[in-house]
Amino acid sequence: MTAQTFQPLKIFNTLTRKKDVFVPIAPPYVGMYVCGPTVYNNVHLGNIRTFLSFDILFRYLTHIGYKVRYVRNITDVGHLVGDGDEGEDKIGKMAKLQKLEPMEIVQRYTNDFHDVTAVFNLLSPSIEPTATGHLIEQIEAVESLIEKGVAYESNGSVYFDINKYQAGGNEYGKLSGRIIEDLLNETRDLDGQAEKRNPLDFALWKKASPEHIMQWESPWGKGFPGWHLECTCMSAKYLGKQFDIHGGGMDLKFPHHECEIAQGKSLTGEEPVRYWMHTNMLTVNGQKMSKSLGNSFLPAELFSGNHELLEQAYSPMTVRFFMLQSQYRSTLDFSNDALKAAHKGYKKLANGLRLAKLLTYTHEDGVSADDAKKADIEKSIEGFYNAMNDDLNTAVAFANLFNMLKYINMLNTGQLKSAALGEAVFTSLKEQFVVFFEDVLGLKEELAEGHAILDGMLKLYREFKLSQNYEKVDEIRSYFKNQGLVIRDTKTRIDWAYEE
Ligand SMILES: [Zn+2]
C-alpha cells in the first residue's frame, strides 16, 4: 500500500490562507527551513511544540518518499530584547548577567537545546547553521540591498527601506495580514527611530555601541547583523533563492517572516518561499504560557514533576503523544488531566507496539475470512494517511492508529485469528502500526533499553513460579509495578506490559 493512492498532501499556507496541495519545486527533493532557537536560555515547552510539529513534517515527507533537506538555524547573535531594532542583544545581556563569554552562553544553551530535542526524539536537521558563522553572507546581502536601492546607511546602521520596497510593487504585510497604516499607528517612539526614513524600516545592520560585546568590522563600521537577515541568507545559501517550505511559531509571522520575504524578494526578485507554515501556541489551563505568569515549564521540570502546577512527573513520550493529539494549527492546552489521559493513551499504544512486533501469522484450516474486519483495518490505514495528508492532522491520525490497536489486541488475546484476516491484511496491520508509531509519529518505547533486564526478571519469575516460591514471585511483581509495568500471566503466555 502506498501513500500515492490517497488524498494528495495539503498544507495550510499562511501566504494564501488556505490549504494548498503540496507540489515541490524539484521533486523528489524538498527544501525546508525552520527558524531555530535563540540560544540565550533553556528551551521551553512552547518552543518544543513548534519543533515537534516540523519534526512530524520532516518525518512524514521522508516517509512518503521525498528527499528532504531540513535546515534549522541557531540564532547566536542579533536577536534583540523586544524582537525589534532596539534594546540589548539577548545573548549579550545573558553573558553580562552570568559573567560569561557570549559564546559560552551560546554553547551552554545550544547543548541544552540538543539534549532536550533528543529526549523528545526529534530528528536532527540536515544542516544547523549559525548566524555568527554566516557574517560574510550577511554583509554581502546588505551591500547588495543598498546597491539595489532598497536599503540605506544611516549613522553606521543600515535599514531596509519599506517605502522603496512598496514602490517596487511589493506588499509589506501580505504574510501576516498587517496593514501599513495600522502598523504606523502602532509604532512607538523609540531610540534609533530618528535614523529611519520610515518608522517601519527595519535594521539589516546595527552600529554597535562600545559596550556591545558582539561586534564585527563592516563597510559601515563596527556592528552586528539584524535578526531577520540571517534566515534570509542561510536559507538562500542552503536551499536556493526559492525553496519549498518555511516554518516557525506563529509569533514569528510578524515582523520576522514578513521581513524575510521583503529581504529575499529584493535580493533575488523571486518570492523566496512557496509554503509558509506556522504553529499555534501552547496554553496552560487556558492561559497563554509565559514566564511572567509563572506558568511556563521547562522540560526538566516536567520530567521531574517539580513545579507547583504539576501534580506528577510526565515522561518525554507522554508529552510527545500529548502534543501530537492536537493538530499543529490549533491551540493546545496543557493541564494535568490532559497529561494523565495522554499517559494512559501512550501506554496503550506502546503495549500495542510490543505486541505488534511479537505477532506472527498462522495458517489455519477452517477459519473463514472476516471481510468486515479486513475492510475496517484497510480503512484505518488509509484514514491515517488521509489525516496526515490533510495538513498533518495528527489528531485524526491517532484515531485511526487506535482503531488498528483494537485489532492487534484482539489478535493477541486470540479473539481474532490471524487467518481470518489473511496474510496480506495481517502483515500490513502489523507493519504499518509499527511504522506509523515509530517512524511517522516518532514515538518510541521508553523502556526499550531496559528490555534485556526485564526479560531476565521474567525468566526468574517463571522459575520461582515453577518452584512455588511465591514470596519471590511477589517481589518480582512489585519490581515491575514500581516501574509502571505489569506481568501478564495467562494460560498461554507470561509477558510484561505497560500498566494501562
Ligand atoms: Zn528566522
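What's counted below: heavy atoms across the whole structure, side chains too, no hydrogens, waters or symmetry copies. Indexing begins at 1, ligand by ligand and atom by atom, following the structure's order.
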Considering the options Tyr346, Phe398, Phe334, which one meets the ring pair (Phe, Tyr, Trp, His ring centres under 6.0 Å) requirement together with Phe322?
Phe334
With no hydrogens and no angle check, just 3.5 Å: does a side-chain donor-acceptor pair link Glu181 and Asn185?
no
Donor + acceptor pair across side chains of Ser335, Asn285 (<3.5 Å):
no
Can the positive tip of Arg329 be found less than 6.0 Å from the middle of the six-membered ring of Phe12, inside 45° of the ring normal?
yes
Any donor-acceptor pair under 3.5 Å linking the side-chain atoms of Glu446 with those of Tyr498?
no
Around the Zn ion (ligand 1), how many protein N/O/S atoms fall inside 2.8 Å?
3
Under a 3.5 Å threshold, yes or no: a donor from one side chain and an acceptor from the other, between Asn389 and Gln7?
no
